[in-house]
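Only this structure's heavy atoms are used, side chains among them; waters, hydrogens and symmetry mates stay out. Below, chains carry the letters A, B, ... as their sequence lines are ordered, and counting in each starts from 1.
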Number of protein chains: 2
Amino acid sequence: MVLFDILGQRWTLRILWELRLKRLTFRELRVRCENVSPTVLNTRLKSLRELNLVDHDADGYGHTSLGHELATQLATLDGWSQKWAKSLDMLDQ
Amino acid sequence: MVLFDILGQRWTLRILWELRLKRLTFRELRVRCENVSPTVLNTRLKSLRELNLVDHDADGYGHTSLGHELATQLATLDGWSQKWAKSLDMLDQ
DNA sequence: ATGTATGCTACTAATAGTGTAGCATCAAGA
DNA sequence: TCTTGATGCTACACTATTAGTAGCATACAT
């Protein structure tokens with residue numbers, strides 16, 4: 001599973017997630033990703049661009065059409081995680 | 001997104017993925033995860049157990065019901081990735 | 001008792017990530 | 001033209017994480 005190898009790198013999922021609403025500049029993206037180091041951010045963006053999931057233009061970084069599709073799937077995963085988080089809280093009490 | 005923080009650790013997605021078919025022992029899991037170091041495997045399994053996504057019994061490690069739900073979502077992600085991989089090949093040629 | 005499988009720990013070397021500083025480029029304003 | 005500010009990004013020293021290997025303790029079967 002190539003995709004999982006990529007998503008299973010620190011910050012990759014987060015970066016895709018943060019771009020879900022609108023395009024962001026390198027620096028905006030950094031801030032939203034808890035000030036991830038620019039070294040790592042740049043490395044990840046480079047990978048994501050090579051994989052045709054993210055692109056870059058005058059407005060900053062954003063999803064490609066494929067990246068958008070992927071982000072949609074992540075959104076349903078996010079939805080599920082709400083329920084999961086609740087059930088975890090139940091366990092802890 | 002707590003879930004993404006967890007899934008975005010090396011091997012976590014892979015471990016969940018490898019358990020999709022049947023329960024596996026610690027050592028079987030290691031082999032399927034390209035001989036990931038036992039240190040990391042154990043750390044991940046501990047987290048996944050705390051998060052109620054994975055459990056352990058006499059037959060080895062396996063998904064909880066929540067873990068199974070998550071793995072189902074990953075399966076659709078996997079399905080999408082087939083198409084994505086193909087479109088990448090097209091680009092490279 | 002001996003062999004085999006289990007889950008797991010210990011330890012060192014290698015790799016990846018952090019945090020900070022700062023550079024080169026560009027565009028707008030004075 | 002000379003700042004000023006924002007951009008993407010690199011450099012580098014430090015720290016944290018992971019890899020890779022060895023091996024232990026337990027259990028169960030022969």
Taking the side chain of [X] as heavy atoms from C-beta outward, which of [options] is closest to it?
X: A:Val40; options: D:dT10, D:dG20, C:dT18; result: C:dT18
X: B:Arg27; options: C:dC23, D:dT18, C:dC8; result: C:dC8
X: B:Thr25; options: C:dT18, C:dT6, C:dC8; result: C:dT6
X: B:Asn42; options: D:dG8, C:dC8, D:dC9; result: C:dC8

- Message: On the nucleotide D:dT17, are OP1 or OP2 found under 4.0 Å from the side-chain N or O atoms that B:Trp11 carries?
- Response: no
- Item | D:dT7 OP1/OP2 closer than 4.0 Å to side-chain N/O of A:Tyr61 | no
Please state how far atom [atom1] in [X] lies from atom [atom2] in [N], giving the value in whole angstrom units.
X: B:Leu45; N: C:dC8; atom1: CG; atom2: C1'; result: 11 Å
X: B:Phe26; N: C:dA5; atom1: CZ; atom2: P; result: 17 Å
X: B:Asp59; N: C:dA5; atom1: CG; atom2: C1'; result: 14 Å
X: B:Arg10; N: C:dA16; atom1: CZ; atom2: P; result: 6 Å
X: B:Glu28; N: C:dT6; atom1: CD; atom2: P; result: 6 Å
X: A:Arg30; N: D:dC9; atom1: CZ; atom2: C1'; result: 11 Å
X: A:Leu41; N: C:dG19; atom1: CG; atom2: P; result: 14 Å
X: B:Gln9; N: C:dA16; atom1: CD; atom2: C1'; result: 14 Å

- Query: Pick the nucleotide of DNA chain D nearest each of B:Arg44 and A:Thr39; which residue has the one closer to the 5' end?
  - Reply: A:Thr39
- Message: Judged by each residue's nearest nucleotide on DNA chain D, which is more toward the 5′ side, A:Lys46 or B:Val36?
- Response: A:Lys46
- Query: Just checking, B:Arg14 and B:Trp17: is the charged tip under 6.0 Å from the six-membered ring centre and within 45° of the axis?
  - Reply: no
Exam field: side chain [X] to backbone [Y], donor-acceptor pair closer than 3.5 Å:
X: B:Arg49; Y: B:Asp55; result: no
X: A:Arg44; Y: A:Arg10; result: yes
X: A:Thr12; Y: A:Gly8; result: no

- Hey, which sits more toward the 5' end of DNA chain C by its nearest nucleotide, A:Pro38 or A:Thr43? A:Thr43
- Message: Contact between A:Leu66 and B:Ser87 at the side-chain level, heavy atoms closer than 4.5 Å - yes or no?
- Response: yes
